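Since the structure is predicted, the reported quantities are computational estimates derived from the model, not experimental observations. Note on naming: letters A, B, ... go to the chains in the order of the sequence lines (proteins, then strands), and numbering restarts at 1 for each one.
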Protein chains: 2
Amino acid sequence: MADQKVQTLDRAFDVIELLATSKDGLGVTEIGQQLGLHKSTVHRLLNALSNRGYIEKNPRNNTYKIGLRFVEISGLFLKQLELKTEALPFMRRLAEIVGQPVHLAILDGNEVIYIEKVELVNTIRMYSQIGRRVPVHCSAIGKTLLSGLSSERLQEVLGKLQYEPFTPNTLCSQEQLLAAVQHVIKTGWALDNEEHEPGIRCIAAPVYDYTGKVIAAVSVSGDKRIIHPERDEEIAAHVVRTAQEISKRMGYIDK
Amino acid sequence: MADQKVQTLDRAFDVIELLATSKDGLGVTEIGQQLGLHKSTVHRLLNALSNRGYIEKNPRNNTYKIGLRFVEISGLFLKQLELKTEALPFMRRLAEIVGQPVHLAILDGNEVIYIEKVELVNTIRMYSQIGRRVPVHCSAIGKTLLSGLSSERLQEVLGKLQYEPFTPNTLCSQEQLLAAVQHVIKTGWALDNEEHEPGIRCIAAPVYDYTGKVIAAVSVSGDKRIIHPERDEEIAAHVVRTAQEISKRMGYIDK
DNA sequence: AACGATGTTTCATATAGTGAAACGCAGGTG
DNA sequence: CACCTGCGTTTCACTATATGAAACATCGTT
């Protein structure tokens with residue numbers, strides 16, 4: 001049966017999860033009392049787990065806490081995570097919810113590169129393609145990625161941009177773009193209000209990894225009649241949640 | 001017996017550790033073959049672990065990999081780590097190896113604050129005290145902590161320092177201090193060559209946490225006849241190793 | 001010194017975990 | 001299309017492992 005239990009494993013992880021939420025470490029008897037296990041059972045499990053480093057004993061007061069081996073296993077796992085692989089299921093779900101194409105992109109120098117894209121069958125064909133570069137200053141994703149830069153690096157990038165006007169709405173100055181980036185920092189999401197293509201609006205949010213850095217941005221794009229200004233907050237909420245879920249997959253630890 | 005095994009736990013963690021070092025996920029039969037376990041045993045363990053999220057199954061190709069629950073447990077643990085608690089055993093060991101007082105300090109604005117200190121019984125009494133602030137520009141710890149700042153923040157701090165000369169060796173200019181900080185970045189450790197107290201030399205190295213940021217510095221201080229220039233590389237190696245061990249405890253993931 | 005609580009160890013016993021066997025399924029081949 | 005192979009999944013008789021009651025060791029408190 002797929003949901004068959006293994007009693008010893010369940011007990012061991014009950015112990016681990018209890019210790020993970022306990023700040024000061026717990027003793028054998030205390031753990032047994034909180035989990036309804038005999039103290040000799042707890043003692044045996046703790047010994048086995050500490051032999052492998054998943055739990056550590058404080059010999060001064062005979063309390064146990066989570067061991068470094070958890071961090072090591074987690075680190076091994078995080079190191080080999082592939083953003084696109086982790087992101088895809090969440091992007092698909094977002095595409096289904098909003099009914100519009102979803103992109104994942106990163107910053108490369110002063111440009112945005114799309115690295116993943118999900119679109120449903122009967123949505124309008126976006127010009128965007130995986131691998132395509134788009135300008136930072138007039139994309140929601142660009143502003144989002146800029147929001148993750150240090151102030152110094154941001155100034156450097158802003159100073160190098162060309163501010164080519166694509167539409168009447170394109171932000172054409174450093175001041176305007178800086179204000180937009182600050183808005184992202186404040187609200188947690190960015191808007192492209194027909195700034196790159198006439199009739200196309202876009203909403204994006206940042207993706208973080210375990211170091212707390214912005215590593216990518218995820219976005220929804222579509223015709224202005226669908227990504228209508230009245231729906232901005234609603235759609236932004238979906239995009240932000242998707243970005244948060246991807247961040248969690250990448251090991252981001254909430255403060 | 002303290003090293004008594006719990007077979008089921010050991011088998012489960014063998015599976016976990018195999019998956020942690022396998023990039024693409026493994027199937028039931030493959031895991032069984034590599035660990036010398038029957039595939040029905042492996043299947044049961046995988047099911048139990050995936051029910052709790054410690055392992056995840058890829059339903060497309062029936063392979064298993066480490067699950068997000070490991071990252072969550074690790075995150076819970078890392079969030080509540082206390083630097084001083086984790087650092088103390090390593091500081092004690094360093095003090096025993098070098099035979100001199102060992103400090104742990106952080107940056108507070110433009111000053112260094114000692115937050116922990118270990119000294120052996122018969123070492124010379126340092127003026128340093130826990131809680132004491134010392135100037136950034138003429139301490140090994142100060143230069144180490146400066147090395148962890150962004151370029152912009154570093155310039156900001158360097159611009160605000162007073163460069164009060166404590167000894168003939170004190171670095172008295174922004175250029176000198178910047179060069180010293182760049183030396184730390186390059187070599188991984190910093191030297192106070194009688195820059196703060198006549199006759200006292202000091203060697204420090206940076207401590208990182210799981211985000212990859214410099215959160216503290218650890219140092220050894222002593223009389224110049226003991227912390228002799230001829231011993232700098234040797235002592236620096238010990239200090240760097242101690243800082244690396246503390247970093248590892250704080251969840252730092254090596255690249 | 002006595003007591004109480006906790007941690008540690010022992011060992012008889014019950015049951016949880018094991019693995020052999022069988023079955024289901026998917027992909028490859030002729 | 002039928003057959004074969006390998007893998008994943010499930011079943012169940014059996015036994016080896018994990019359990020917990022009891023005893024012992026240790027430590028802090030009175």
Side-chain angles (χ1 to χ4, degrees), chain A residues 1-67 69 85 89, chain B residues 1-67 69 85 89:
Chain A
M1 195 70 73
D3 59 349
Q4 181 190 31
K5 292 180 175 302
V6 177
Q7 182 180 250
T8 305
L9 277 193
D10 283 326
R11 286 178 165 186
F13 282 102
D14 285 344
V15 170
I16 285 162
E17 289 170 10
L18 181 64
L19 293 177
T21 58
S22 151
K23 195 171 181 333
D24 298 311
L26 295 171
V28 170
T29 302
E30 179 63 30
I31 293 169
Q33 280 165 347
Q34 294 205 34
L35 297 178
L37 296 175
H38 200 280
K39 61 185 179 177
S40 66
T41 300
V42 174
H43 192 261
R44 185 182 317 104
L45 295 174
L46 290 173
N47 266 326
L49 291 165
S50 76
N51 284 342
R52 297 186 76 117
Y54 291 95
I55 265 170
E56 286 168 10
K57 180 178 180 181
N58 180 349
R60 239 182 302 284
N61 63 358
N62 287 330
T63 57
Y64 294 81
K65 64 173 188 173
I66 294 294
R69 194 74 180 114
T85 308
Chain B
M1 195 70 75
D3 59 348
Q4 182 189 30
K5 292 179 176 301
V6 178
Q7 182 182 248
T8 305
L9 277 192
D10 282 328
R11 286 178 164 183
F13 282 103
D14 286 343
V15 169
I16 285 163
E17 289 170 8
L18 181 64
L19 292 177
T21 57
S22 150
K23 196 171 181 333
D24 296 313
L26 295 172
V28 171
T29 302
E30 180 62 30
I31 293 170
Q33 280 165 346
Q34 294 205 33
L35 297 177
L37 297 174
H38 199 281
K39 60 185 179 176
S40 66
T41 300
V42 175
H43 194 260
R44 185 181 317 102
L45 296 174
L46 289 173
N47 265 326
L49 290 165
S50 75
N51 284 342
R52 297 186 75 119
Y54 291 95
I55 266 169
E56 285 168 11
K57 180 178 181 181
N58 181 348
R60 239 182 303 282
N61 61 357
N62 286 330
T63 58
Y64 295 80
K65 64 173 189 173
I66 294 294
R69 195 76 181 112
T85 307

Whole Å only: how far is the [atom1] atom of [X] from the [atom2] atom of [N]?
X     : N      : atom1 : atom2 : answer
B:Q33 : D:dG6  : CD    : P     : 11 Å
A:L9  : C:dG17 : CG    : C1'   : 10 Å
A:K5  : C:dA16 : NZ    : P     : 13 Å
B:Q7  : D:dT17 : CD    : C1'   : 7 Å
A:L46 : C:dT9  : CG    : P     : 13 Å
B:N47 : C:dG17 : CG    : P     : 13 Å

| query | Is there side-chain contact between B:V28 and B:N62, with heavy atoms separated by less than 4.5 Å? | reply | no

| remark: What one should report as the nearest heavy-atom pair of A:V42 and A:G32 is CG2-CA, 3.7 Å

| message | Show every ring pair (Phe, Tyr, Trp, His ring centres under 6.0 Å) that has at least one partner inside residues 18-37 of chain B, sequence neighbours left out. | response |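 Passing the test, one end in residues 18-37 of chain B: no pairs.
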
| task | May I ask you to evaluate whether A:H43 reaches the phosphate of C:dT8, defined as a side-chain N or O under 4.0 Å from OP1 or OP2? | result |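 Yes, because at least one side-chain N or O of A:H43 sits under 4.0 Å from OP1 or OP2 of C:dT8.
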
| query | Among all residues two or more places apart in sequence or in another chain, which pass the ring-ring contact (aromatic ring centres under 6.0 Å, His included) test with B:Y54? | reply | A:F13, B:F70

Listing time: all N or O pairs from protein to nucleotides 20-22 of chain D that are below 3.5 Å?
from: D:dG20; atom 1: OP2; to: A:T41; atom 2: OG1; distance (Å): 2.6
from: D:dG20; atom 1: N7; to: A:S40; atom 2: OG; distance (Å): 2.6
from: D:dG20; atom 1: N7; to: A:R44; atom 2: NH2; distance (Å): 3.4
from: D:dG20; atom 1: O6; to: A:R44; atom 2: NH2; distance (Å): 3.2
from: D:dA21; atom 1: N7; to: A:H38; atom 2: NE2; distance (Å): 3.2
from: D:dA21; atom 1: N6; to: A:S40; atom 2: OG; distance (Å): 3.3

Measuring from atom [atom1] of [X] to atom [atom2] of [Y], what distance do you get when rounded to the nearest 0.5 angstrom?
X     : Y     : atom1 : atom2 : answer
A:R11 : A:L37 : CZ    : CG    : 5.0 Å
B:R44 : B:L49 : CZ    : CG    : 12.0 Å
A:H43 : A:I31 : NE2   : CD1   : 10.5 Å

Does [X] have any side-chain hydrogen bond (donor to acceptor under 3.5 Å, both in side chains) partners at least two apart in sequence or in another chain, and if so, which?
X     : answer
A:K57 : none
B:D10 : A:R52
B:K39 : none
B:Q7  : none

Tabulate below the donor-acceptor pairs under 3.5 Å that side-chain atoms of residues 19-27 of chain B make, not counting sequence neighbours, or state none.
from: B:T21; atom 1: OG1; to: B:E17; atom 2: O; distance (Å): 3.4
from: B:T21; atom 1: OG1; to: B:L18; atom 2: O; distance (Å): 3.1
from: B:K23; atom 1: NZ; to: A:E82; atom 2: OE2; distance (Å): 3.0

| message | Let's see if you get this right: which residues in residues 53-63 of chain A place a heavy atom under 4.0 Å from DNA chain C? | response | A:K57, A:N62

| task | For A:N58, check side chain to side chain contact (heavy atoms under 4.5 Å, CB included) against everything at least two apart and list the hits. | result | A:R60, A:N61, A:T63

| field | the helix from C:dA1-D:dT30 to C:dG30-D:dC1: angle between end helix axes, five pairs per end, rounded to 10 degrees | value | 40°

| Stretch residues 12-29 of chain B: residues that reach within less than 4.0 Å of DNA chain D through a heavy atom | B:G27, B:V28, B:T29

